[in-house]
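Please read all numbers here as calculations on a predicted model, not as lab measurements. Every chain is numbered from 1 and lettered A, B, ... according to where its sequence line falls, protein lines coming before strand lines.
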Amino acid sequence: MKFFIFDSLSRTKKEFVPIDSNKVRIYACGPTVYDYAHIGNARMAVVTDLLVKTLKKKFKNVTFVSNITDIDDKIIDASKKSGVPISKLTSKFHEIYNKEMNALNVSPPDFQPKASDHINEMIEMIEELVNKDCAYFSNNHIIFRVESYKYYGQLSGRSLDEQLAGSRIEIADYKKNPRDFILWKPSESNEPGWDSPWGRGRPGWHIECSAMSKKCLNIPFDIHCGGVDLTFPHHENEIAQSCSAIKVDCEPQNFCRYWFHNGFVTSDGEKMSKSLGNIKLVNEILKKYSGEVIRLSLLSAHYRQPLNWTEAILQQSEKTLSRIFKNLEKIKKDEIEDSQIKKNEFFLEFQESLFDDLNTPKSLSILNVLINKLKESNKKQQSKIYTAIIEAMKLLGIGKNKEIIIENFDLIKKLIDERDRARQKKDFDRADEIRLELSKINVEIEDTKEGTKWKKLK
RNA sequence: GGUGCGGUGGCGGAGAGGCUACGCACCGGCCUGCAAAGCCGAGUACACCGGUUCGAAUCCGGUCCGCACCUCCA
């Protein structure tokens, strides 16, 4: 089965063929750790995670690297504002990010390099760029000379002239071209800094990804991921510096073969921004909904489409997931026959939809059809369908895999027993009273032939 | 101003020249002390105007509208 992926550089969907047939190498621009993760960060992490998991179905050996940016002016600002030292701040939010992504069933990357551990690699690359006359020293900064790179603008589809027209950028007077970007900048004594051939300073924004991807994956590697907003300037600059460090006017393919960008998340129809106060934080949403529900919501639209985040989308996902689980619970697991997943036509159809540029809406549709088929087939078919569903849920990362810790367990049991006795005596007033009591502690009950079932709502 | 992506039934959202996408909601029925859930069934669609075609939501041209990027951003 062929694997197709949309490449932003060529703007076409193409078959994915790894450089090294035995090994797939992927890099994703990770978060800058200075605050809680928002739902946009989560979309990128979930989509990339799904890409990696799906690739693993076809390729045995997949190496996934996603960095942590722990040097950045936003971090310095946050530290100054809060009074928390930088290293404490970054390690705190680094840890929180990993925990929150884990709650969304995002597997940790194979490597999660930190920018602060790769200063030497960055300095080396900058020196290379200076030697090749692709960068210059001005006003104590090292600046990349955009005009030195022939393919600059290819990823974002903008010529240098176009980038200037109507631009709102403030032009620093020490830059030869307004589009030139900073590779290294001087640090004040109260700012973090490292010794370099150009004095004590720190790296500019883009160089860390170039240095770490090269170090961890070697170049060229296969797929580079990130949010669409990073295409310009971040990824454009990455290509320019990584390729120029190889040789002047080196083609973009020598850095990375496929550019994979996920669409933006809007919040109630508007861009998330601090001024509008509509930034949706993952930890806030997790208080109300499970990780699986959030993940399903994030996968309900195709990854390249914009996704409007609303309460309704979460409620819909919660109901959909609940129906799926209820249908699965009806199946007696000991009657399920083992079948090979590689020959399971139901799973293969599902898989094909993901192999087609991660068409998750289609794959979810197939999953739903399988759920509907689950009850009406003969045992052998049923086993196959059941296995396919379980495997599909696992791949999508929406299977139930965490025990919810139940508080008031004994109280709940006691109330349900009492209600059962009341119902037997046809004392329905008391029975309904108890149901109300239980709902107050977020316990939902359901009377079935096998007795009263209950579940704790988040 | 430049660049890119979209406009599909009440909502979310695939698809893509002829074939029910799917989910959620709603409506009818079964079941139930009630409720919930579940099951069965029905309905509603491709922004607008032209064109190509035997046939267009799908192709072509134009119009309108929305969103994003061009500044930190996932």
Side-chain angles (χ1 to χ4, degrees), chain A residues 8 11 28-32 34-35 37-48 66 69 72-74 77 153 156-159 161-171 179 205 225-234 236 261-266 269-274 279 296-297 299-302 304-310 312-327 329-330 353 356 359-372 375-376 422-424 426-429 431-432 435-436 439 444-449 452-455:
Chain A
S8 318
R11 274 162 253 258
C29 291
T32 303
Y34 68 105
D35 205 346
H38 57 68
I39 197 67
N41 297 310
R43 187 181 198 189
M44 175 265 160
V46 164
V47 164
T48 312
S66 185
T69 297
D72 187 276
D73 288 2
K74 291 193 295 289
D77 290 346
S156 51
R158 309 153 207 260
S159 69
D161 296 343
E162 277 169 0
Q163 287 162 27
L164 281 177
S167 167
R168 283 168 283 170
I169 192 171
E170 255 183 64
I171 300 166
R179 279 294 156 200
W205 171 30
C225 313
V228 260
D229 55 316
L230 292 183
T231 40
F232 192 86
H234 185 58
E236 194 72 74
H261 289 108
N262 64 274
F264 234 66
V265 181
T266 54
E270 282 182 298
K271 182 183 165 133
M272 286 195 285
S273 77
K274 283 189 175 159
I279 293 186
L296 179 61
S297 303
L299 295 178
S300 65
H302 183 88
R304 281 191 278 118
Q305 293 302 124
L307 177 68
N308 187 28
W309 194 256
T310 59
I313 200 175
L314 283 159
Q315 284 167 2
Q316 180 179 323
S317 300
E318 189 167 51
K319 287 193 170 150
T320 304
L321 210 49
S322 152
R323 175 175 158 269
I324 292 174
F325 286 140
K326 279 188 172 144
N327 275 283
E329 278 163 18
K330 281 186 202 157
S353 65
D356 184 18
N359 191 340
T360 53
K362 192 172 180 186
S363 66
L364 289 167
S365 155
I366 293 168
L367 180 65
N368 274 306
V369 171
L370 290 179
I371 290 285
N372 293 334
K375 51 190 165 284
E376 54 195 2
R423 288 175 69 223
Q424 274 161 22
K426 308 247 185 250
D427 180 2
F428 296 120
D429 286 346
D432 290 348
R435 175 162 50 207
L436 193 67
S439 78
E444 186 186 85
I445 54 169
E446 200 180 310
D447 295 323
T448 71
K449 277 177 197 155
T452 303
K453 285 186 179 171
W454 63 276
K455 72 171 181 192

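Among the heavy atoms of the strands lying under 4.0 Å from A/Arg323 are primed sugar atoms or P, OP1, OP2 only; no base atom is included. Within 4.0 Å (heavy atoms only), A/Lys330 reaches sugar-phosphate atoms of the nucleic acid but no base atom. Note on A/Ala312: nothing from the nucleic acid sits closer than 4.0 angstrom, heavy atoms only. Contacts of A/His302 with the nucleic acid, taken as non-hydrogen atoms under 4.0 Å apart, involve only primed sugar atoms and P, OP1 or OP2. The residue A/Val228 sits apart from the nucleic acid: no heavy atom pair falls under 4.0 Å. Nucleic acid contact for A/Gly40: base, since at least one base atom lies under 4.0 Å from a heavy atom of the residue. Using a 4.0 Å heavy-atom criterion, one finds that A/Asp35 contacts no nucleic acid atom at all. Note on A/Gln305: only backbone sugar-phosphate atoms sit closer than 4.0 angstrom, heavy atoms only; bases stay farther off.
Which of B/rC72, B/rA74, B/rG23 sits closest to the side chain of A/Asn262 comes down to B/rA74. With B/rC34, B/rC24, B/rA74 as the candidates, the nucleotide lying closest to the side chain of A/Arg435 is B/rC34. Candidate nucleotides B/rG33, B/rC22, B/rA14 were compared by shortest atom distance to the side chain of A/Phe428, and B/rG33 ranks first. Of the listed nucleotides (B/rA35, B/rG12, B/rA21), B/rA35 has the atom at the smallest distance from the side chain of A/Asp447. Here the nucleotide nearest the side chain of A/Met44, chosen from B/rC72, B/rG23, B/rA74, is B/rA74. Here B/rG38 is the nucleotide among B/rG33, B/rG12, B/rG38 with the atom lying nearest to any side-chain atom of A/Lys326. For A/Lys319, whose side chain is taken as the heavy atoms from C-beta onward, the closest listed nucleotide among B/rC24, B/rG13, B/rG4 is B/rC24.
In this structure, the aromatic ring of A/Phe264 is not positioned over the six-membered ring of the base of B/rA68 within 5.5 Å between centres and 30° between planes.
At the phosphate of B/rA74, OP1 or OP2 sits under 4.0 Å from a side-chain N or O atom of A/Asn41. Contact annotation: A/Asn327 does not reach the phosphate of B/rG38 (side-chain N/O to OP1 or OP2, under 4.0 Å).
Rounded to a whole Å, the CD atom of A/Glu446 is 15 Å from the P atom of B/rU32. Rounded to a whole Å, the CG atom of A/Leu307 is 16 Å from the P atom of B/rC67.
For the P atom pair drawn from B/rC19 and B/rU32, the interatomic distance equals 42 Å after rounding to whole Å.
The base of B/rG33 sits within donor-acceptor range of the side chain of A/Asp432, with an N or O pair under 3.5 Å.
Heavy-atom nearest nucleotides on RNA chain B were determined for A/Glu444 and for A/Ile313, and the one closer to the 5' end corresponds to A/Ile313.
Salt bridge present: A/Asp432 and A/Arg435 bring a charged side-chain N and a carboxylate O closer than 4.0 Å.
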